[in-house]
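Everything on this sheet refers to the single structure shown next.
Proteins get letters first, then strands, A, B, ... in listed order; numbering begins at 1 in each.
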Amino acid sequence: MELEQLEENIYQIPKTGEMNKPARIYANDKLLKEIKNDDTLQQVKNMATLPGLEKFSIVMPDGHQGYGFPIGGVAAVNKENGVISPGGIGYDINCGVRVLKTDLTYEEIKGKEQQLANILYNKVPCGLGKGGYIDVDEDELDEILDKGMEWMLENDHATEEDLKHCEENGRLKCDPNKVPSDAKKRGIKQVGSLGSGNHFLEVQRVENVFNEEKAEAYGLEEEQILVMIHSGSRGLGHQTCTEYLREFEKNYPEIVENLPEKELIYAPLGDDLAQDYKNAMFAAANFAWANRQGITQAVRESLDTLFGDTEAELVYDVCHNIAKEETHEVDGEEKELLVHRKGATRAMPSGRPEVPEAYSEAGQPVLLPGSMGTSSYILSGGQKSLELSFGSTAHGAGRLKSRTQSKKDYRAADVQRELKRDQIFVKAASGETIEEEAPGSYKDIDEVIKVSDELGIGEKVVQMRPIVNVKG
DNA sequence: ATGTTC
């Protein structure tokens, strides 16, 4: 495949054939080599054929092959002749990350790691089919789909400060009636549940501060204990995606036929089906925010139980699987766009309306988890992200090996023992998950962060080190 | 990612 280097960390596949625009890869040599190991480049090239695409299709430094779009894919389309593609959002609608800052220091939890792992594991429903922390009936679920975090606030599961520190204040305007009934059936018992796979709950310690000013704005300092939550819309989002994919395929046979790959299926934004999916997707996003809020409440209860009266305030909550309506400058003109981010995190710099008031100077916190054996980072949205990536950066380390390969290469007990040697305590519902998520299955997060920072799309603020990791 | 191959 033809690939030209434009400048450091920026590669481009020129526009040829069916492509509407060029395709871009943001990576350094090491990550690019890994990206070349699967179909990611072909997929980012396929993305460039989307109708209404603006500027270029993009894959982030943590990119790897996915369903239709690669994970790490960003595609912005205009409202006039653009499309919406479920493969550009992902099965786990509003899969995302939130970080809580506590008033605890590492000194205070040292020696109690195992206890902490146990209590979190017992309090937060982990794995598949374990129920939710918050019980809701059908009417309440409909309200959650409509109001997201606002419902949590009204029902004493959230504070006003929580809402202020959440992307979109935890609510996107939508029509919850567009969520399939089978999706609701799955979601009703999953409000406040972690799930499985790469989802986790991690107690971390702030190890390095790179930008004192921004760290202070985010309320972070060295040795402070943070809690990172990575989860999404569970079975509800999955079912929603599945059913709309089926509808899209049924309704657009002529589109399917002309696609470079069937999984790239989309609907023209002007069509009712596109709007129905958008409404359902936004409702699932609201559900995911309520879900992460439910987990937050379980974490707060766990910390209070073990350490007495503690504070655990939301720093930020940001999704990395969603399409958003945003205004961006293209060729000197402000345009209304739909920005697909699939395994890519919004990273808005100061001055943008999306940035919460508390962070208007520092820019939006960007939360990037590493693997369970490596660092995670908090970045700030960089000015260059508007020019290079429609206000986006990577979403984490990114997989290096498939789940199947990982299960062949690792034994759960060995992984767990090695991590414990590094003072990282892992508690999981299933050994298979530990194997799938072994640190060796992931790319080097430090390299991903380096590319983001050097490009100026997301800039380093703090680095965290894992202490306790709880997963499905 | 997922009541993990409705």
Side-chain angles (χ1 to χ4, degrees), chain A residues 38 43 62-73 85-98 125-132 141 179-201 229-250 263 277 280-281 284-285 287-289 291-292 295 318-323 340-345 369 371-372 395-408 412 428-438 441-442 470-472:
Chain A
D38 58 27
Q43 287 190 320
D62 56 339
H64 56 101
Q65 194 180 328
Y67 183 97
F69 279 43
I71 318 296
S85 175
I89 291 160
Y91 275 88
D92 191 4
I93 296 163
N94 189 0
C95 183
V97 180
R98 67 165 55 187
C126 297
L128 300 172
K130 295 286 160 53
L141 180 68
V179 175
S181 61
D182 280 353
K184 293 188 194 177
K185 268 183 212 156
R186 292 176 68 172
I188 199 162
K189 40 191 189 303
Q190 298 180 322
V191 184
S193 66
L194 198 60
S196 182
N198 65 0
H199 289 167
F200 66 81
L201 167 58
I229 296 164
H230 180 208
S231 187
S233 51
R234 309 283 286 102
L236 184 139
H238 193 274
Q239 189 71 27
T240 300
C241 180
T242 303
E243 295 200 21
Y244 276 95
L245 276 173
R246 205 181 295 151
E247 281 299 302
F248 278 29
E249 282 165 17
K250 207 168 72 186
E263 297 178 349
Y277 168 65
M281 188 257 295
F287 178 86
W289 277 313
N291 181 38
R292 289 197 285 277
I295 296 167
V318 63
C319 43
H320 51 231
N321 277 13
I322 200 160
H340 294 74
R341 294 190 184 92
K342 197 246 197 107
T345 313
S371 75
M372 58 184 160
H395 85 309
R399 285 203 85 85
L400 189 60
K401 293 181 182 184
S402 71
R403 293 188 158 88
T404 323
Q405 188 60 47
S406 298
K407 278 186 275 196
K408 280 183 199 154
S430 118
E432 254 180 48
T433 308
I434 296 181
E435 290 162 3
E436 288 172 6
E437 297 299 312
S441 304
Y442 280 86
V470 171
K471 47 202 296 95

(request) Grab the CG-C1' distance between A/D92 and B/dT4 for me, whole Å please. (result) 14 Å
(message) Can a donor-acceptor pair be found, under 3.5 Å and without considering hydrogens, that links the side chain of A/N291 to the backbone of A/S193?
(response) yes
(request) List in chain and number order the residues that pass ring-ring contact (aromatic ring centres under 6.0 Å, His included) with A/F287, two or more places apart in sequence or in another chain; answer none if no residue qualifies. (result) none
(message) Expressed as a whole number of angstroms, how long is the span from A/E437:CD to B/dT2:P?
(response) 11 Å
(message) Any base atoms under 4.0 Å from A/R246, or only sugar-phosphate, or nothing? Heavy atoms, all strands.
(response) nothing
(request) Would you mind classifying the nucleic acid contact of A/G129 as base, sugar-phosphate or nothing, using non-hydrogen atoms under 4.0 angstrom? (result) nothing
(message) Distance check needed: B/dC6 P versus A/Y91 OH, whole Å only.
(response) 13 Å
(request) List for me each residue that meets side chain to side chain donor-acceptor pair (under 3.5 Å) alongside A/K401, sequence neighbours excluded, and say none if there are none. (result) A/D409, A/Y410
(request) Under the side chain to side chain donor-acceptor pair (under 3.5 Å) rule, collect the residues that match up with A/Q239, sequence neighbours excluded. (result) A/R186, A/E243
(message) Contact list please: residues 189-197 of chain A against DNA chain B, heavy atoms, distance less than 4.0 Å, in numerical order.
(response) A/Q190, A/G195, A/S196, A/G197
(message) Under the rule for side chain to side chain donor-acceptor pair (under 3.5 Å), what residues qualify as partners of A/S371, not counting sequence neighbours?
(response) A/T374
(message) Using whole Å, what does the distance between atom C1' of nucleotide B/dT5 and atom NE2 of A/H238 come to?
(response) 12 Å
(request) Check the distance between B/dT2's C1' and A/L128's CG and give it to me in whole angstrom. (result) 7 Å
(request) Send over the distance from A/K250 NZ to B/dC6 P, rounded to a whole Å. (result) 19 Å
(message) If I take atom OH in residue A/Y67 and atom P in nucleotide B/dT2, what distance separates them, rounded to the nearest angstrom?
(response) 17 Å
(request) Could you check how far CG of A/L245 sits from P of B/dC6, rounded to whole Å? (result) 17 Å
(message) Which residues pass the side chain to side chain donor-acceptor pair (under 3.5 Å) test with A/S441, not counting sequence neighbours?
(response) A/S406
